[in-house]
Amino acid sequence: MGKSFHPIFCIFLSLLTISYAQDCNTYKFSNNNVYATCITLPVLNSQLHWNYHPTNATVTVAYRQTGVTNSQWVAWALNVGGSGMVGAQALVGLVSSNGSVQAYSSSVTGYGTGLQPTRLSFDVPRVTAEMVNGDVVIYATLVLPSGRTSFNQVWQVGPVSDGAPSIHQMGSANRNSVGTVDFATGQTSADSGNTGGSRRRRRNTHGVLNALSWGVMMPLGAMAARYLKVFKAANPAWFYIHVTCQASAYIIGVAGWATGLKLGSDSTGIQYDTHRNIGIALFTLGTIQAFALLLRPKPDNKYRFYWNIYHHSIGYTVILLSIINVFKGFDILDPEKKWKKAYIGILIFLVVNTLILEAYTWFIVLKRKQEEKREYPGNGYNQSA
């Protein structure tokens, strides 16, 4: 029994794999249409079937989106002159609350699009749609522009509100639903060339710069100031370490903030208000801290006490907001879980070391006070005038 289990299990897995791979080729359309080429798209449980007609430069397509419920919309598009969502020439299937499907075309001019019915930049002699057992299928005939056969493609699914398409989710699958298709050769690729690649790199750069600067270097700089100066031998080295660390974090953080502004300006209609507002607050408070260094009173100045209160309050507020905003960024970028776990590990490391160093600092401070009492027992009492 034990010896026969492994071969049977492997055969079972193989059959499952073969079944999944053949699903695109074996699907039977309700209108009995047959397509020479089909692909299973890498995300959002969707497929594209087509017949290419080189004699008249047309292609008949069937885009199939599985697992659709009432009051949802699905779309598949070609981007003739660019990549990604903006500029996409879309075929839309709008599912009403009663399960009926309205098919139409829509030219996407910006991220704030409502997918209103419009003409496309190329002819679409026919577009229809149906919903069968939770699958929405959009059928269309496209007249390929300029005799081309290779295009960037985009596909998407989202909710319907008050009978109109609403903004789709921003999870990893939704952001990665881009690629290329060549109707003549049947070649496809996911996120090929510059299709969404440049913007994704900027998002990743934004995340790395800000997580490193605001989320790691700022806390390290604060720890240097808090715990190194208790050692007499570290004076004034702790101050220069603190300034260097915080200044570097601020410069890198400003670079990350600038990439965020660029991403925001290129993403009209897509807003992350909380993340953006915290980012603006961090930049403002960080800038105030940088200029406050120029106004730092000398240790014996009577205003130094109030400057310390201000400096520490702003500093710890920046650190707290930084950590919160890093996690907000993780929710937006939705990277692999290992990156979020890695940052949580860094925070745990910093917290554990902070607790150890805090205890040791108080031990040193109390010990010095006891030594001072033994060395100066009067400490100002019973002294003659």
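Any value given below was found using the heavy atoms of this structure, including those in side chains, with hydrogens, waters and symmetry copies removed.
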Would Ile138 end up clustered with Ile39 when hydrophobic side chains under 4.5 Å apart are linked, directly or stepwise?
yes
Other residues, nucleotides, ligands: >12 heavy atoms within 6.0 Å of Asn133 CG:
no
Using the rule that Ile, Leu, Val, Met, Phe, Trp and Tyr join whenever any side-chain heavy atoms are under 4.5 Å apart, tell me whether Phe363 and Val365 fall into a single cluster.
yes
Per ring pair (Phe, Tyr, Trp, His ring centres under 6.0 Å), Tyr343 is matched among Phe327, Phe349, Trp214 by Phe327
Has Trp362 got more than 12 heavy atoms of other residues, nucleotides or ligands less than 6.0 Å from its CH2?
no
Applying side-chain hydrogen bond (donor to acceptor under 3.5 Å, both in side chains) as the test, list every pair that has at least one member in residues 312-330; sequence neighbours left out.
His275-Asn325
Other residues, nucleotides, ligands: >12 heavy atoms within 6.0 Å of Arg119 CZ:
no
Output, in order, the C-alpha distance, side-chain angles, deciding distance and verdict of side-chain contact (heavy atoms from CB on, under 4.5 Å) for Phe291 and Leu294.
CA-CA 6 Å; Phe291 281 104; Leu294 303 176; 4.1 Å; yes
Are Tyr360 and Tyr227 close enough that their ring centres sit under 6.0 Å apart?
no
Assess whether side-chain contact (heavy atoms from CB on, under 4.5 Å) is satisfied between Asp331 and Lys340, documenting all intermediate values.
CA-CA 9 Å; Asp331 292 339; Lys340 189 172 184 178; 3.7 Å; yes
With side-chain hydrogen bond (donor to acceptor under 3.5 Å, both in side chains) as the rule and sequence neighbours excluded, what pairs involving residues 282-291 come up?
Tyr250-Thr287, Gln289-His311
Test applied, side-chain contact (heavy atoms from CB on, under 4.5 Å); reference residue, Leu282; option that passes from Val254, Ile324, Ile319, Val318
Val318
Does one hydrophobic cluster hold both Tyr52 and Val124, with members joined at side-chain heavy-atom distances below 4.5 Å?
yes
According to a 4.5 Å side-chain heavy-atom criterion applied to Ile, Leu, Val, Met, Phe, Trp and Tyr, with indirect links allowed, do Val143 and Phe183 form part of one hydrophobic cluster?
no
Using the side-chain contact (heavy atoms from CB on, under 4.5 Å) rule, take Tyr139 and Asn31 through it: C-alpha gap first, then chi angles, then the decisive distance, then the call.
CA-CA 10 Å; Tyr139 303 96; Asn31 56 11; 3.4 Å; yes
